[in-house]
Amino acid sequence: MEAFIEDKPITLGIMGGTFDPIHNGHLILAQEALNNFGLDHVVFMPSGIPPHKDAKKVTAAEERYMLTVLATIENPNFSVNRYELEREGRSYSIHTLEYFQNILPKGSELYFITGLDILLDITTWKDYERVLDLCTFICARRPDFSFEELDKNIISKCPKIKWRVKYMDIPLMQISSTDIRDRCKKKKSIKYLVPSNVEEYIKKNGLYK
């Protein structure tokens, strides 16, 4: 049983992703969702075998898990869950949502925290209409993506999503895991892009060279 689960219903935010590596943009997004929507807790869920990426090109799961633990360890409202790492097969969000639905007290609410760029692909998710039955999305605007694009390309195909998305503006930051990996390869600094203990772990263990 998760340490944050009590007997009474809770509102839980779920941050899914490969976190390869986790960076300050992820942490700001989670904290802003916590602040703006009265969430009780945010759980970070590193994917085991990501469904939309080539698993061979993703850093080992245990390394990504350790980076996520280090990044969140100082925030009592954050925790990291190993469900997707330990589950066999690809890491589909529908399975994660069903997992929490089964272990949380009745009446609890699930929120899936993500950026707009991810939500634009939701119709490619496994059982996405069932996903929309189980959670509400907290969707943050991202540079180079617009809510109008969501209206035009997604809501027109899946009207249900209109009632299952809450929008959130956050400081626009161009931080990306891809850029951090590229900086590491080029031996450029990643200071201030990731927490200092994450930066230290990446250097100490020679990740992303």
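All values derive from a computational prediction rather than experimental measurement.
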Novice: About how many Å separate CD of Glu129 and CD1 of Ile161, when rounded to the nearest 0.5 Å?
Specialist: 10.0 Å
Novice: Taking Val43's backbone N and O only, do any of them form a donor-acceptor pair with Ser79's side chain (distance below 3.5 Å, no angle check)?
Specialist: no
Novice: With the side chain counted from C-beta on, respond yes when Pro105 and Asp7 share a heavy-atom pair under 4.5 Å apart, and no when they do not.
Specialist: no
Novice: Backbone N or O of Glu98 within a donor-acceptor pair of the Asn102 side chain at under 3.5 Å?
Specialist: yes
Novice: Hey, could you give me the CG/OH distance between Leu119 and Tyr128, rounded to the nearest 0.5 Å?
Specialist: 12.0 Å
Novice: On a heavy-atom basis, which atom in Arg130 and which in Gln101 lie closest, and how many Å separate them?
Specialist: NH2-OE1, 3.9 Å
Novice: May I ask you to say whether Lys160 pairs ionically with Asp133, meaning some side-chain N is under 4.0 Å from a carboxylate O?
Specialist: yes
Novice: Is it the case that atom CD in Glu74 sees more than 12 heavy atoms from other parts of the structure closer than 6.0 Å?
Specialist: no
Novice: Answer yes or no: is there a donor N or O on one side and an acceptor on the other, between the side chain of Ser189 and the main chain of Lys191, under 3.5 Å?
Specialist: yes
Novice: For a 4.5 angstrom cut-off between non-hydrogen side-chain atoms, does Leu29 reach Ile138?
Specialist: no
Novice: Show your reasoning for whether side chain to side chain contact (heavy atoms under 4.5 Å, CB included) applies to Tyr92 and Thr96.
Specialist: CA-CA 7 Å; Tyr92 293 112; Thr96 301; over 6 Å; no
Novice: What about Phe137 and Trp125, are their ring centers closer than 6.0 Å?
Specialist: yes
Novice: Side chains of Pro21 and Arg64, heavy atoms from C-beta outward: is any pair under 4.5 Å?
Specialist: no
Novice: Taking all atoms of both residues into account, what is the closest heavy-atom pair of Asn197 and Leu70, and its distance?
Specialist: ND2-O, 2.8 Å
Novice: Show, in sequence, the C-alpha distance, side-chain angles and deciding distance for Leu132 and Ile122, and conclude whether the side chain to side chain contact (heavy atoms under 4.5 Å, CB included) test is met.
Specialist: CA-CA 10 Å; Leu132 294 169; Ile122 192 171; 4.0 Å; yes
Novice: Could you walk me through whether Glu199 and Lys204 pass the salt bridge (Lys or Arg N to Asp or Glu O under 4.0 Å) check?
Specialist: CA-CA 9 Å; Glu199 179 188 10; Lys204 183 178 179 180; over 6 Å; no
Novice: Are the side chain of Ser108 and the backbone of Leu104 linked by a donor-acceptor contact shorter than 3.5 Å?
Specialist: no
Novice: Side-chain contact test, heavy atoms from C-beta onward, threshold under 4.5 Å: evaluate it for Gln31 versus Leu27 and give yes or no.
Specialist: no
Novice: Decide yes or no for Tyr201 and Leu207: does some side-chain heavy atom of the first lie under 4.5 Å from some side-chain heavy atom of the second?
Specialist: yes
Novice: On a heavy-atom basis, which atom in Gly48 and which in Ser91 lie closest, and how many Å separate them?
Specialist: N-OG, 2.8 Å
Novice: For Pro46 versus Asn81, what's the shortest heavy-atom pair and its separation?
Specialist: CD-O, 3.5 Å
Novice: Is any side-chain heavy atom of Ile180 closer than 4.5 Å to a side-chain heavy atom of Val194?
Specialist: yes
Novice: Taking 4.0 angstrom as the limit, do Arg82 and Glu62 come out as a salt bridge?
Specialist: yes
Novice: Just how far is it from atom CG of Leu97 to atom CG of Leu110, taken to the nearest 0.5 Å?
Specialist: 6.0 Å
Novice: When you look at Ile113 and Leu39, which way does the side chain to side chain contact (heavy atoms under 4.5 Å, CB included) test go after all the steps?
Specialist: CA-CA 11 Å; Ile113 305 166; Leu39 306 181; 4.1 Å; yes
Novice: Mind telling me whether His23 and His26 have parallel, tilted or perpendicular rings, with 30° and 60° as the class edges?
Specialist: parallel
Novice: Could you check Val131 against Leu134 for side chain to side chain contact (heavy atoms under 4.5 Å, CB included), going step by step and ending with a plain yes or no?
Specialist: CA-CA 5 Å; Val131 167; Leu134 294 180; over 6 Å; no
Novice: Could you tell me whether the side chain of Thr11 and the main chain of Gly38 form a donor-acceptor pair under 3.5 Å?
Specialist: yes
Novice: Do Tyr208 and Asp20 have side-chain heavy atoms sitting under 4.5 Å apart?
Specialist: yes
Novice: Working to the nearest 0.5 angstrom, can you tell me the gap between Arg183 CZ and Thr178 OG1?
Specialist: 12.5 Å
Novice: Treating Ile, Leu, Val, Met, Phe, Trp and Tyr as nodes and any side-chain heavy-atom pair under 4.5 angstrom as an edge, say whether Ile73 and Phe44 lie in one connected cluster.
Specialist: no
Novice: Which atoms form the tightest heavy-atom contact between Ile202 and Cys184, and what is the distance?
Specialist: CG2-SG, 4.0 Å
Novice: Which heavy atom in Gly206 sits nearest to a heavy atom in Lys209, and how many Å separate them?
Specialist: O-CG, 3.6 Å
Novice: Please round to the nearest 0.5 Å and tell me the distance separating atom OH of Tyr111 and atom CG of Leu12.
Specialist: 11.0 Å
Novice: Within the 4.5 Å heavy-atom criterion, are Pro195 and Asn24 side-chain neighbours or not?
Specialist: yes
Novice: Rounded to the nearest 0.5 Å, what's the gap from CZ on Phe112 to CZ on Arg164? Could you check?
Specialist: 13.5 Å
